[in-house]
Amino acid sequence: MKFRPFNTMLTLAALALSAAPHIAAAQSTVKVDGSSTVFPITEAVAEEFQIQKRGKVRVTVGIAGTGGGFKRFCRGEIDISDASRPILAAEMQACAAAGIKYIELPVAYDALTVVVNPKATWVDQITVAELKKMWEPAAQGKITRWNQVNPKWPNAPLKLFGPGADSGTFDYFTEAINGKSKSSRGDFTASEDDNVLVQGVEADANALAYFGYAYYAPNAARMKALKVVNAKGQAVLPSAAGVLDGSYEPLSRPLFIYVNAASVAKPEVREFVEFYLTKGPALVTEVKYVPLSAEAYKIASANFKAGKTGTGFGGVPEVGLKVEELLKREGKH
Amino acid sequence: MAAATGVVSEQLRRDVQRRKLFDQLFVLLGMTVMFAALATLAILFLDLVRDGAARFGWDFFTSFPSRNAQRAGILSAWVGTSLVMLVTVAVAMPIGVAAAIYLEEYAPKNWFTAVIEINVTNLAGVPSIIYGLLALGLFVYQFNLGHSIAAAGLTLSLLILPIVIVATREALRAVPRSIREAAYALGATHWEVTAHHVLPYSTGGILTGMIIGLSRAIGETAPIITIGALAFIAFLPTPPLSAEFPYVNFTWLSDPFTVMPIQMFNWVSRPDPEFQVNAAAAGAILLGMTLLMNGIAIYVRYRYRKKINW
């Protein structure tokens with residue numbers, strides 16, 4: 001009796017070992033990683049871009065999260081970082097320390113949507129003050145019934161659902177409503193998987209949740225989006241028009257890609273970003289986000305062509321900022 | 001006298017009958033537990049198949065992921081999984097079997113080998129994410145393999161090495177002592193005994209262990225995510241076979257990849273409910289792959305057992 005399988009295996013292993021020194025990427029690849037919120041847009045762009053390039057360029061897209069994406073970006077491992085919030089001061093320092101310069105490009109808007117169960121007939125609109133009363137840290141353990149927030153609402157338990165603390169959505173919502181990023185009550189049902197929030201609201205008549213518009217749109221029949229009262233006193237439903245004319249505020253936010261300035265020298269990266277800014281708007285609508293104004297895409301393209309590096313934020317998140325204005329700012333490093 | 005014997009045997013019979021009842025009760029209990037476990041698996045599998053039924057078709061296997069759920073498929077995922085498994089086998093099999101042969105046939109019994117043995121057994125219980133972190137530091141950054149198929153294969157082979165070693169040792173131990181002694185009596189050396197007799201007779205057991213290890217590796221998500229597998233890959237690695245010399249190349253080892261569990265994870269977290277159907281279909285296929293591998297393990301063991309005629 002011979003033991004052939006082992007011989008074969010040993011040969012294979014020897015071959016594999018002998019090949020190890022040759023390990024080096026050859027084909028032109030665009031590497032993207034970062035926010036799972038931006039992922040659907042980048043995925044759509046990458047899909048179309050690769051079809052157009054007929055497989056000559058490879059695009060990889062990861063979902064390490066905005067923070068995880070910036071970590072890899074500032075180590076120089078990837079060409080583009082997807083971000084659902086602007087780069088933070090600590091991340092700016094990490095990039096500066098590694099000598100990595102970046103071009104900040106807004107690519108779409110997301111409308112954070114506040115939803116309730118369709119059976120919650122008592123509520124159609126909500127003010128920022130009411131949202132704050134529900135979600136601020138001081139509400140923890142105290143605000144547990146709907147009528148505590150607004151006496152016109154019934155004496156029913158208030159069941160809150162929201163994204164987990166690692167999500168950019170959580171960061172933005174807390175910044176916009178509570179005035180400080182990551183400052184929130186802790187006693188709500190949190191999940192990194194927005195589908196869990198969708199199911200939570202669907203199952204409970206007294207539930208209230210917030211998440212990105214992309215999760216509301218396909219489930220619109222199963223829940224009710226609330227109008228949010230803006231600073232001018234208008235109650236506005238989340239919609240592309242409301243986001244674009246600035247009336248759906250403060251819950252609309254821009255989404256970004258950060259391009260490594262050194263990668264722009266690679267033709268595949270340059271072409272991919274140009275494709276992103278020109279073919280992106282149609283794809284953004286298709287994946288249920290809100291495209292920027294034509295004007296904004298034009299300025300973004302010009303900034304990219306000019307190689308304008310740095311962030312318009314300076315490491316501090318801002319709410320209610322016009323993207324056009326942001327793009328014209330001096331880039332900070 | 002006769003009456004007394006009758007009483008004793010009467011009591012004995014009752015005693016035996018009672019024990020037999022216990023015996024049967026235990027068999028019944030065992031059967032119930034086994035069927036409960038099997039039924040859970042069957043229900044899970046059928047549920048996945050039912051949810052994903054709309055997607056089963058040739059297209060699902062030959063399409064890349066897409067933003068459109070109906071068009072999306074698992075081509076890059078199943079190819080990625082297969083290639084990662086190939087690397088895992090190629091690394092874990094020779095190292096695992098060699099280590100087991102050494103420990104079982106050659107190693108002297110001293111404190112050093114005792115420590116190794118304890119460690120091997122302990123390693124089998126280490127959470128997989130730890131292997132992922134180790135691999136991220138060692139393979140991805142230290143050895144500079146990057147977020148590649150090679151790095152993933154090496155990680156998973158580390159993960160299943162303890163399983164392979166333990167299974168191989170069991171298989172080697174199952175070869176009767178008399179076989180070895182007979183070979184020695186005919187003048188065979190230690191290596192000849194191992195290579196010509198012990199190893200061939202235990203091949204079935206070794207392959208079974210290997211495949212059980214692979215069945216575990218194929219579903220692993222945590223360590224693969226840690227070392228940087230990606231969610232969207234719409235291309236295949238460089239083909240390992242080419243028309244020009246040297247016909248075989250290994251650039252695919254350094255290619256980025258995705259695997260089945262990550263593709264599923266990505267689909268489950270999508271807003272569009274249509275993607276849940278894809279996730280269910282991919283789950284059913286992954287379960288099917290695992291069952292198929294276990295089936296092969298059983299068949300291989302059966303074939304090798306039949307060949308052995310002591």
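Just so it is clear: chains get the letters A, B, ... in the order the sequence lines come, proteins before strands, and each one is counted from 1.
- Contact annotation for A:Q50: only side-chain heavy atoms (C-beta onward) come within less than 4.5 Å of a heavy atom of chain B.
- Residues A:K31 and B:H147 fail the side-chain proximity criterion, which asks for heavy atoms closer than 4.5 Å.
- Of the atoms belonging to B:Y141, it is side-chain heavy atoms, and not backbone ones, that fall under 4.5 Å from chain A.
- Proximity to chain B is absent for every atom of A:F211, based on heavy atoms less than 4.5 angstrom apart.
- Side-chain contact check for A:L283 versus B:R67: some heavy-atom pair is nearer than 4.5 Å.
- Ion pairing between a basic and an acidic side chain is recognised when a charged N comes within 4.0 Å of a carboxylate O; B:D255 and A:R58 show such pairing.
- Within 6.0 Å of atom CZ in A:F188, more than 12 heavy atoms from other residues, nucleotides or ligands are found, so the atom counts as buried in its surroundings.
- Most heavy-atom pairs under 4.5 Å with chain A, from the set B:F64, B:F143, B:F235, B:W252: that is B:F235.
- Here the closest heavy-atom approach between residue B:S66 and residue A:E43 is recorded as O-OE2, 3.9 Å.
- Interface residue B:Q276: only side-chain heavy atoms are found under 4.5 Å from chain A.
- More than 12 heavy atoms of other shown residues, nucleotides or ligands fall within 6.0 angstrom of atom OH in B:Y106.
- Minimum heavy-atom separation, B:P273 to A:P218: CD-CB, 3.8 Å.
- In terms of modelled atom types and a separation under 3.5 Å, the side chain of A:N195 and the main chain of B:R270 share a donor-acceptor contact.
- Here the side chain of A:D194 pairs no donor or acceptor atom with the backbone of B:S269 at under 3.5 angstrom.
- Side-chain contact check for A:V59 versus B:F232: every heavy-atom pair is 4.5 Å or farther apart.
- Here the CG-CG distance, from B:D272 to A:N219, works out to 8.5 Å after rounding to the nearest 0.5 Å.
- When the candidates B:I233, B:I95, B:N266, B:V87 are compared by the number of heavy-atom contacts under 4.5 Å with chain A, B:N266 comes out ahead.
- No more than 12 heavy atoms of other residues, nucleotides or ligands sit less than 6.0 Å from atom NZ of A:K71.
- For A:R75, the CZ atom is densely surrounded, since the number of other residues' heavy atoms within 6.0 Å is greater than 12.
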